[in-house]
K.L.:
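Here you go, one structure.
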Amino acid sequence: MSKHGGGSGAEPWRLARHRESAWLVGVLVAALALAWLRIPAGGHGVLWAEDGDTFLREQVELGSFATLFHPYAGYQHFLPRVITALSAELFPLDNFGVAVSLLSLTATALVCAGTFRLSRGIVTWLPARIAVSLVPVLVPLISRELLGDLANLHTYCLWLVVWIFLARSDVSRTEKLLWAGVVLACFLTEVQAIVALPILVVRLLRDRSRWVWSLLVAAFLGALPQLVTWMLVPRPQFNAPHGAISVADILVGWGATALLPVWSGDTELNAEILASHGTGILLLALVPFALAVGIVAALGRWRERGALGALLFVSAAAFAGTLLVNPLTIFQFARLDGDDWLAAQIDIRYGAAAAIFALASFPFAASSIVERWGIRAPRASRVAASALLLAVGIAVVLQWAAVPNDRLAVAPWSAQYREAVATCAAEPAGEQVFAVAPGKSFELACEDLLRSAGE
């Protein structure tokens, strides 16, 4: 048995089944704890944005089955609809905010645990494998909008789909069926999962196994309803000035909204820095990522290089696709100059999503160092790799407190709901307004509210 963790000499990364299971559970628990802590105290009961004005409102008005495949913003949101229905059916409606937060954070933790399982044999050094599994809950800017709500679960679906497409196929038939089902659910949730299909097509060139074909079929079955929805119920245009998006806008925007916030979570400070020093500062934010990618390119195996290349491709393609589908002048980042940056939107969730994929570069680099030099210099390679993970981890975690968060500007759902029910009991013919974000609200009829409260 190998001293690396119970695998054979040819595959020292392979863990004994009980150790694999123990680490899987450990990653799940750690991810859930980190995700819960990333939401500010008092924010777990806040019903945020589309979770209220779209998913809950339509759930109350239309019912569970009618909303399951009900389109919103031009595409399907299968998993948020399912979790909304579960939360509404299993919990009292006054606890809906906490239930949604807990279930969505649990889903994110399951994605992290799934990443740990899927990265076996790709990220071969165990500490790096754990680190890459936790990346989805570590990126600083995700606590602003991505964590703890249903509307942004699709980002984690995209991440998980990429890992499923990259994963080794030496697993049981049951596990293969499980992952094919996950691909179907994720494609029904995230239309941008389509940008990951080239990964599967490239894999088909060398692996035409039934497993890979099943993934392709699942992806097709999930993508088809998305495309039909896109054509029949087009995404509404934003009521904002439109303008063509250039390649330069995408590159500058990727740097300003994805890379820079990893090292500086204070987006207002970032805007001031960009206003004072220009976009050249983005090159400094890029340097650590470039060095990590260079390490993987120089030291990594073909599987490591290919996997990281796929993650970075999806990061860039998804970010570019978002801007091209929403050609707004506020996304013309390359045309911003001087004080223009002070009013720029650089705290957008699109950048936070792209940053998740980019941050994976560092665990890959650490694993490549140990993979290449682990036999000749086992202690030195592990010290160097550990130092890399520790340095990046500290730098990232230190930015958490600086990330702006608007959740606490909204009253908890339970307080709003109880007040509304009490008001409706006295005046049952009206409607009640619920705040779900600064400047964003929705209405529910008293008839529906009283029915949900059993009155």
K.L.:
Any donor-acceptor pair under 3.5 Å linking the side chain of S87 with the backbone of I83?
P.N.:
yes
K.L.:
For S386 and W125, run side-chain contact (heavy atoms from CB on, under 4.5 Å): C-alpha distance rounded to whole Å, both residues' side-chain angles, the deciding distance at 0.1 Å, then the answer.
P.N.:
CA-CA 10 Å; S386 298; W125 186 45; 3.4 Å; yes
K.L.:
Step by step, work out the side-chain hydrogen bond (donor to acceptor under 3.5 Å, both in side chains) result for E58 and T67.
P.N.:
CA-CA 7 Å; E58 293 178 353; T67 59; over 6 Å; no
K.L.:
Which word best sums up how the rings of F96 and W413 line up, parallel for under 30°, tilted for 30 to 60°, or perpendicular for over 60°?
P.N.:
perpendicular
K.L.:
Please report the interatomic distance CG(L37) to CH2(W400), rounded to the nearest 0.5 Å.
P.N.:
8.0 Å
K.L.:
Tell me, yes or no, whether the heavy-atom count around W263 atom CH2, taken from other residues, nucleotides or ligands under 6.0 Å, exceeds 12.
P.N.:
yes
K.L.:
S381 and V370: which non-hydrogen atoms are nearest, and at how many Å?
P.N.:
O-CG2, 3.9 Å
K.L.:
Within the 4.5 Å heavy-atom criterion, are T279 and W341 side-chain neighbours or not?
P.N.:
yes
K.L.:
Keeping H44 on the side-chain end and W36 on the backbone end, is there a donor-acceptor pair under 3.5 Å?
P.N.:
yes
K.L.:
For W254 and S315, what are the C-alpha separation, side-chain angles and deciding distance, and is it a side-chain hydrogen bond (donor to acceptor under 3.5 Å, both in side chains)?
P.N.:
CA-CA 9 Å; W254 191 60; S315 173; 3.2 Å; yes
K.L.:
Please step through side-chain contact (heavy atoms from CB on, under 4.5 Å) for the pair L105 and L102, ending with a clear verdict.
P.N.:
CA-CA 5 Å; L105 291 175; L102 178 60; 5.7 Å; no
K.L.:
Where is the tightest heavy-atom contact between R301 and G121, given as atom of each residue plus distance?
P.N.:
NH2-O, 3.2 Å
K.L.:
Do Y350 and T257 have side chains that approach each other closer than 4.5 Å (heavy atoms only, starting at C-beta)?
P.N.:
no
K.L.:
Would you confirm whether R117, through its side chain, and C112, through its main-chain N or O, come within 3.5 Å as a donor-acceptor pair?
P.N.:
no
K.L.:
For the residue pair C157 and E190, what are the closest heavy atoms and their distance?
P.N.:
CB-CB, 4.2 Å
K.L.:
If I take atom CD1 from residue I245 and atom OG1 from residue T329, how far apart are they, to the nearest 0.5 angstrom?
P.N.:
8.0 Å
K.L.:
Taking the six-membered ring for Trp, are F434 and F442 closer than 6.0 Å centroid to centroid?
P.N.:
yes
K.L.:
Is there side-chain contact between T189 and P80, with heavy atoms separated by less than 4.5 Å?
P.N.:
yes
K.L.:
Have T84 and Q59 got a donor and an acceptor in their side chains that come within less than 3.5 Å?
P.N.:
no
K.L.:
Show the nearest heavy-atom pair for residues S133 and S119, with the distance to one decimal.
P.N.:
OG-OG, 4.3 Å
K.L.:
Has S264 got a side-chain atom pairing as donor or acceptor with L260's backbone, closer than 3.5 angstrom?
P.N.:
no
K.L.:
Taking all non-hydrogen atoms of both residues, which atom of A352 and which atom of V139 are closest, and how far apart?
P.N.:
O-CG1, 4.1 Å
K.L.:
Testing Y156, W159, F313 one by one against F357 for a ring pair (Phe, Tyr, Trp, His ring centres under 6.0 Å), which residue passes?
P.N.:
W159
K.L.:
Has the side chain of Q416 got a donor or acceptor atom that lies under 3.5 Å from a matching backbone atom of A411?
P.N.:
yes
K.L.:
Is any side-chain heavy atom of T322 less than 4.5 Å from a side-chain heavy atom of Q192?
P.N.:
yes
K.L.:
Do the side chain of T267 and the main chain of N270 share a donor and acceptor less than 3.5 angstrom apart?
P.N.:
no
K.L.:
Among side-chain atoms of T155 and N152, is any donor-acceptor pair under 3.5 angstrom?
P.N.:
no
K.L.:
Taking NZ, NE, NH1 and NH2 as the nitrogens, is one of them in D406 or R144 under 4.0 Å from a carboxylate oxygen of the other?
P.N.:
yes
K.L.:
For the CH2 atom on W23, are there more than 12 heavy atoms of other groups (residues, nucleotides or ligands in this structure) within a distance under 6.0 Å?
P.N.:
no
K.L.:
Quick one: are L146 and I356 in side-chain contact, heavy atoms under 4.5 Å?
P.N.:
yes
K.L.:
What's the spacing between Y72 OH and T54 OG1 if we round to 0.5 Å?
P.N.:
4.0 Å
K.L.:
Going by heavy atoms in the side chains, are D170 and R120 under 4.5 Å from each other?
P.N.:
yes
K.L.:
Would you call R129-E20 a salt bridge at under 4.0 Å N-O?
P.N.:
yes
K.L.:
Report yes if some heavy atom in the side chain of S169 is under 4.5 Å from a heavy atom in the side chain of V212; otherwise report no.
P.N.:
no
K.L.:
Does a salt bridge link D207 with R203, judged by any charged N lying under 4.0 Å from a carboxylate O?
P.N.:
yes
K.L.:
What are the two closest heavy atoms between S441 and A435, and how far apart are they?
P.N.:
CB-CA, 4.1 Å
K.L.:
Kindly check if the number of other-residue, nucleotide or ligand heavy atoms within 6.0 Å of CG (N405) is above 12?
P.N.:
yes
K.L.:
Taking the side chain as C-beta and beyond, is there a heavy-atom pair between L299 and W373 under 4.5 Å?
P.N.:
yes
K.L.:
Give a yes or no answer on whether the side chain of D149 reaches the backbone of S104 with a donor-acceptor pair at less than 3.5 Å.
P.N.:
no
K.L.:
Can you tell me how far apart CD1 (I164) and CG (L178) are? Round to the nearest 0.5 Å.
P.N.:
8.0 Å
K.L.:
How long is the span from the CG atom in L388 to the CZ atom in F362, to the nearest 0.5 Å?
P.N.:
7.0 Å
K.L.:
Applying salt bridge (Lys or Arg N to Asp or Glu O under 4.0 Å), run through R57 and D51 and close with a yes or a no.
P.N.:
CA-CA 8 Å; R57 179 180 58 78; D51 290 6; over 6 Å; no
K.L.:
Set out, in order, the CA-CA distance, both residues' side-chain angles and the distance that settles side-chain contact (heavy atoms from CB on, under 4.5 Å) for F364 and I122, then state yes or no.
P.N.:
CA-CA 9 Å; F364 270 86; I122 300 175; 4.0 Å; yes
K.L.:
Short question: side chain of S21, backbone of H18 - any donor-acceptor pair under 3.5 Å?
P.N.:
no
K.L.:
Do V293 and L312 pass the side-chain contact (heavy atoms from CB on, under 4.5 Å) test, and can you show the C-alpha distance, the side-chain angles, and the key distance before you say yes or no?
P.N.:
CA-CA 10 Å; V293 173; L312 295 177; 3.7 Å; yes
K.L.:
Can you tell me how far the OG1 atom of T108 sits from the CG atom of L32, to the nearest 0.5 Å?
P.N.:
9.0 Å
K.L.:
What's the verdict on ring-ring contact (aromatic ring centres under 6.0 Å, His included) for F187 and F220, showing C-alpha distance, side-chain angles and the deciding distance?
P.N.:
CA-CA 8 Å; F187 267 78; F220 175 78; over 10 Å; no
K.L.:
Is the side chain of D266 donor-acceptor paired with the backbone N or O of L269 at a distance under 3.5 Å, no angle test?
P.N.:
yes
K.L.:
Look only at the side chain of T229 and the backbone of Y75, and say whether a donor-acceptor pair between them is shorter than 3.5 Å.
P.N.:
no
K.L.:
Regarding E175 and W179, do their side chains bring together a donor and an acceptor under 3.5 Å, going by distance alone?
P.N.:
yes
K.L.:
Are more than 12 heavy atoms from other residues, nucleotides or ligands located less than 6.0 Å from atom CZ of R17?
P.N.:
no
